[in-house]
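Because the structure is predicted, anything quoted here is derived from the model rather than measured. Naming convention: chains lettered A, B, ... in sequence-line order (proteins, then strands); numbering from 1 in each chain.
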Amino acid sequence: MNKHQIAHILEEMADLLEISGENPFKVRAYQNAARSIDSLSEDLEELIQNNQLIEVKGIGKNIAAHVQDLLETDTFPEYEKLKKTIPAGLLECLKIPGMGAKKAKLLWKKLGVTSIEEVERACQEGKVESLQGFGKKSQEKIFQSIERSRKYEGRHLFPTVHEVAKHLLSDLRQISGVLRAELAGSLRRHTETVKDIDIVVSSASIPNVIKVFLQLPQIDQVTNKGTTKVSVILHRGINVDVRFVSEKEFPSAWHHFTGSKAHNVALRSRAKDRDMKISEYGLFHMKGKRAVPVPCKDEEVLYKKLGLDFIPPELREEMGEIEAAEKHELPVLIERADLKGCLHVHTTYSDGRGTLEEMALAAKACGLSYIGISDHSKAAHYAGGMQIADVRRQSAEIDELNAKLKGIRILKGIEVDILADGSLDYDDDVLASFEFVIASIHSRFSLSESEMTKRICTALAHPLVNILAHPTGRLLLSREPYQVNIPEVIACAAEYGKVIELNCNPRRFEIDWRWGPLMKEKGVKTVLSPDAHGPEQIANVDYGIGIGRKAWFEKKDVVNCLTVAQLLKHFSR
DNA sequence: GCCGTTTTCGGCCCGACTGTTTTCAGTCG
Ligand SMILES: Nc1nc2c(ncn2[C@H]2C[C@H](O)[C@@H](COP(=O)(O)OP(=O)(O)OP(=O)(O)O)O2)c(=O)[nH]1
Ligand SMILES: [Mg+2]
Ligand SMILES: [Mg+2]
Ligand SMILES: [Zn+2]
């Protein structure tokens with residue numbers, strides 16, 4: 001069982017405890033522990049072996065024992081016991097928006113329903129409205145909520161939502177009476193996938209602005225509407241939360257709505273320790289029961305009043321950023337302007353849509369001064385992998401283009417398949433003809449974790465390999481990562497001085513940003529790669545920057561911030 | 001269940017919205 005599966009069981013345990021009526025803080029303890037395990041940037045088994053699991057924040061003696069049980073036996077006694085008393089289908093019901101543990105339990109106890117379908121039927125048959133605490137309206141609301149969540153549930157890729165959000169934001173800014181409107185939530189924090197669009201708006205005439213906003217043509221339905229916030233669903237099937245505040249409240253509201261939740265909670269408890277209070281309305285000094293406002297003209301001041309350096313939104317995940325801000329040890333995060341070139345680009349020589357020249361010009365248009373071409377190798381039939389003769393032809397064409405083109409240097413590279421045994425898809429003499437070699441896996445995904453790890457480490461040990469690309473093969477929202485021990489791969493990359501890619505294709509966005517701090521600790525560098533299969537995809541790096549920042553990467557950690565001469569030297573070529 | 005140089009007990013972020021209630025519980029962000 002891997003840590004994500006373990007985190008999932010702990011989440012489930014929290015739900016079971018909540019339904020069973022346990023102390024809410026105990027429920028939260030399990031939720032916190034799940035979050036900690038999920039975002040752990042160390043190897044779980046190693047932590048357990050060294051008895052260091054209880055040192056992880058949010059994990060104490062009890063949950064540590066459960067985690068060890070889960071790792072060894074895929075379950076733990078308390079979990080089994082609770083599962084026997086609560087039907088599995090009831091947990092699914094908690095996914096219905098508006099349906100929490102209390103309501104689900106009541107429906108189960110009074111009506112015997114144990115699945116979403118049964119809740120739906122109970123609503124249709126009018127059995128819900130007569131229950132204590134329910135009524136006609138809430139019955140109808142539950143029914144609607146089920147229908148809606150079937151249609152609109154789930155997360156989205158970042159760029160899809162970001163495009164929609166930008167348009168919505170500019171429409172909002174044109175509404176008369178709107179002073180400021182900004183993106184918040186996971187979009188502002190640049191998470192790899194997002195659930196909804198969160199926006200904060202300031203205005204002196206909120207009721208009117210809300211009225212006009214709700215008339216925007218892209219809105220399909222309104223799901224919530226109060227005096228300070230509204231929730232809608234767009235025709236595109238994307239949920240939107242908008243919070244309306246006064247201009248004075250804007251900084252704290254923006255901060256609140258940016259999150260993450262865990263970051264907010266940690267910061268608020270820090271404020272409390274200092275006799276202060278944070279809410280979306282501002283920072284306050286507590287004088288007994290009285291809350292005296294502490295004016296904060298922007299987020300920087302807010303952090304400062306709490307004794308912290310400004311924390312960039314991408315880092316606000318409660319993953320060590322508050323401790324670092326206190327010690328003035330936050331990284332100076334990479335910015336788009338730091339990128340001097342890009343590697344990992346496909347052309348018509350394999351499965352790309354752009355010619356060499358088109359891709360080179362696209363990179364130049366993005367302000368880059370070099371572009372590293374890396375088409376697929378011969379084993380990649382699925383992607384028109386290059387035969388040796390193709391490699392020769394491409395090399396000659398690159399020479400011609402480099403003589404002809406100004407302001408962009410084309411580097412000769414390859415994305416060579418790592419075969420099942422860890423060997424590479426070309427002989428060394430062919431590999432030696434490139435200026436850089438990217439190695440990656442495109443076949444035989446279902447090896448065991450140890451086999452896969454060994455396979456990758458064998459490839460990394462090859463002296464001609466420079467970069468490991470997309471190290472888990474995940475496709476966000478569609479394909480699970482293959483099993484591989486990332487801490488071992490990072491250790492191996494450190495040993496051989498190899499680079500691990502941050503693939504900026506929005507469906508990949510990996511190596512996962514959560515491993516960034518471990519890579520930095522081990523001295524492993526990364527490269528922000530577009531993995532472009534067409535000229536417009538060079539711009540993938542624009543979105544990748546946000547993920548790179550989430551990974552705590554600085555300019556010095558990213559090899560395509562080097563000049564072409566420095567880069568080739570880094571690769572010893 | 002977790003946590004702690006103010007504490008090993010007694011806290012655990014804080015507020016909006018909805019529908020039900022007759023003053024608030026449940027759910028969510
Ligand atoms: N203080 C506090 N803030 C919260 C809480 N829940 C959510 N928030 C704030 C921080 C979140 O980033 C923000 C938006 O909530 P969302 O549910 O949309 O989550 P977020 O955008 O972070 O991620 P997601 O939408 O899932 O991609 O609201 C909470 O329980 N307490
Ligand atoms: Mg959100
Ligand atoms: Mg939201
Ligand atoms: Zn690839």
Please give the distance between the C1' atoms of B:dG1 and B:dT8 as a whole number of Å.
15 Å
Verify side-chain hydrogen bond (donor to acceptor under 3.5 Å, both in side chains) between A:Q144 and A:E140, making sure each step is shown before the conclusion.
CA-CA 6 Å; A:Q144 297 286 343; A:E140 178 60 19; 2.6 Å; yes
What residue pairs, at least two apart or across chains, pass ring-ring contact (aromatic ring centres under 6.0 Å, His included) with a residue in residues 29-61 of chain A?
none
Any pair with a residue in residues 274-300 of chain A that passes ring-ring contact (aromatic ring centres under 6.0 Å, His included), sequence neighbours left out, goes on the list, sorted by first then second residue, please.
none
When the side chains of residues 96-106 of chain A are checked against the rest of the protein, which donor-acceptor pairs come out under 3.5 Å, sequence neighbours left out?
| residue | atom | partner | partner atom | Å |
| --- | --- | --- | --- | --- |
| A:K103 | NZ | A:G98 | O | 3.4 |
| A:K105 | NZ | A:I19 | O | 3.2 |

Rounded to the Å, how far apart are A:I210 CD1 and B:dC17 P?
8 Å
Rounded to whole Å, please give me the gap between CD1 in A:I197 and P in B:dG29.
15 Å
Is A:R243 close to A:V201 at the side-chain level, that is, under 4.5 Å between some pair of heavy atoms?
no
Using atom CD of A:Q31 as one end and atom C1' of B:dG1 as the other, report the distance to the nearest whole Å.
12 Å
Just grab all the salt bridge (Lys or Arg N to Asp or Glu O under 4.0 Å) pairs involving residues 168-184 of chain A, residues at least two apart or on different chains.
A:R173-A:E182, A:R180-A:E182
Applying salt bridge (charged side-chain N to carboxylate O under 4.0 Å, His left out) to A:R507 and not counting sequence neighbours gives none
Gap in Å between the two P atoms, one belonging to B:dT21 and one to B:dC14, rounded:
31 Å
When every non-hydrogen atom of A:L502 is compared with those of A:T526, the smallest separation belongs to N-OG1, 3.3 Å
Looking only at side-chain N and O atoms, does A:T228 come under 4.0 Å of OP1 or OP2 in B:dG15?
no
Roughly how far apart, to the nearest Å, are B:dT5 and B:dA16 at atom C1'?
38 Å
In whole angstroms, how far is the C1' atom of B:dG29 from the CD1 atom of A:I199?
15 Å
Taking OP1 and OP2 of B:dT20, is either one under 4.0 Å from a side-chain nitrogen or oxygen of A:S138?
yes
DNA chain B-proximal residues of residues 139-160 of chain A, any heavy atom under 4.0 Å
A:K141
Does the pair A:K304/A:E299 count as a salt bridge with the N-to-O cut at 4.0 Å?
no
Atom pairs, N/O to N/O, protein against nucleotides 22-26 of chain B, distance under 3.5 Å?
none

5′-ward residue of the pair A:T223/A:I96 relative to DNA chain B:
A:T223
Looking for any heavy atom pair under 4.0 Å, which part of the strands does A:K136 touch: base, sugar-phosphate only, or nothing?
sugar-phosphate
Between B:dT20 and B:dT27, how far is it from one C1' atom to the other, in whole Å?
14 Å
Below 4.0 angstrom from OP1 or OP2 of B:dG29, is there any side-chain N or O of A:S231?
no
Roughly how many Å is it from CZ in A:R243 to P in B:dG29, rounded to a whole number?
13 Å
Look at the side chain of A:F257 and decide which nucleotide, out of B:dC2, B:dT20, B:dG29, has an atom nearest to it.
B:dG29
Testing B:dA16, B:dG1, B:dT20 for proximity to the side chain of A:K26, the answer is B:dG1
Report yes if at least one side-chain N or O of A:N224 is closer than 4.0 Å to OP1 or OP2 of B:dT18; otherwise report no.
yes
N/O-N/O pairs, protein side and nucleotides 10-14 of chain B side, under 3.5 Å:
| residue | atom | partner | partner atom | Å |
| --- | --- | --- | --- | --- |
| B:dC12 | OP1 | A:K272 | NZ | 2.5 |
| B:dC12 | O3' | A:R28 | NH2 | 3.0 |
| B:dC13 | OP1 | A:R28 | NH1 | 2.6 |
| B:dC13 | OP1 | A:R28 | NH2 | 2.3 |
| B:dC13 | OP2 | A:R28 | NH2 | 3.1 |
| B:dC13 | O2 | A:R268 | NH1 | 2.7 |
| B:dC14 | OP2 | A:K272 | NZ | 2.8 |
| B:dC14 | O4' | A:R268 | NH1 | 2.8 |
| B:dC14 | O2 | A:R268 | NH1 | 3.4 |

Using a cut-off of strictly less than 4.0 Å, decide whether A:Y30 has a side-chain nitrogen or oxygen near OP1 or OP2 of B:dC2.
no
Using whole Å, report how far CG of A:D241 lies from P of B:dT27.
18 Å
Nearest-Å distance, CD (A:E18) to P (B:dT27)?
7 Å
Relative to each other, are the rings of A:H190 and A:H162 parallel, tilted or perpendicular (30° and 60° limits)?
tilted
Counting only pairs under 3.5 Å, give me each side-chain donor-acceptor contact of residues 317-325 of chain A, with atom names and distances, residues two or more places apart or in other chains.
| residue | atom | partner | partner atom | Å |
| --- | --- | --- | --- | --- |
| A:E317 | OE2 | A:R189 | NE | 2.9 |
| A:E317 | OE2 | A:K550 | NZ | 2.7 |
| A:E318 | OE2 | A:K57 | NZ | 2.9 |
| A:E321 | OE1 | A:E318 | N | 3.2 |
| A:E321 | OE1 | A:M319 | N | 2.6 |
| A:E321 | OE2 | A:H263 | ND1 | 2.8 |
| A:E321 | OE2 | A:E317 | N | 3.1 |
| A:E321 | OE2 | A:E318 | N | 2.4 |
| A:E323 | OE2 | A:K57 | NZ | 3.0 |

Expressed as a whole number of Å, how far does the C1' atom of B:dG10 sit from that of B:dG15?
24 Å
Tell me the partner of B:dG26, counting only Watson-Crick (N1-N3 plus N6-O4 or O6-N4) or G-U wobble (N1-O2 and O6-N3) with both under 3.5 Å; none if nothing fits.
B:dC17
When the C1' atoms of B:dC2 and B:dT7 are considered, how many whole Å apart are they?
14 Å
Pairs in or reaching into residues 109-156 of chain A: which pass ring-ring contact (aromatic ring centres under 6.0 Å, His included), with residues at least two apart or in two chains?
none
Which whole number of Å gives the distance between the P atom of B:dC13 and that of B:dT18?
25 Å
Classify A:P97 by what it touches in the nucleic acid, base, sugar-phosphate, or nothing, heavy-atom distance under 4.0 Å.
sugar-phosphate
When every non-hydrogen atom of A:S39 is compared with those of A:R514, the smallest separation belongs to CA-CD, 4.3 Å
What pairs of donor and acceptor atoms, side-chain ones from residues 42-55 of chain A against any protein atom, are under 3.5 angstrom apart with sequence neighbours left out?
| residue | atom | partner | partner atom | Å |
| --- | --- | --- | --- | --- |
| A:D43 | OD2 | A:E46 | N | 3.4 |
| A:N50 | ND2 | A:E46 | O | 3.4 |

Got a salt bridge between A:K229 and A:D241, using NZ or NE/NH1/NH2 to carboxylate O under 4.0 Å?
no
Considering only side-chain heavy atoms of A:A29, which listed nucleotide, B:dG29, B:dG19, B:dC2, is closest?
B:dC2
Could you pull out the protein-nucleic contacts involving nucleotides 3-8 of chain B (nitrogen or oxygen on both sides, under 3.5 Å)?
| residue | atom | partner | partner atom | Å |
| --- | --- | --- | --- | --- |
| B:dC3 | OP1 | A:G58 | N | 2.7 |

If only atom types and distance count, is the side chain of A:R549 paired as donor or acceptor with the main-chain N or O of A:I334 below 3.5 Å?
yes
Mind calculating the distance between CD1 (A:I19) and P (B:dT27) to the nearest angstrom?
10 Å
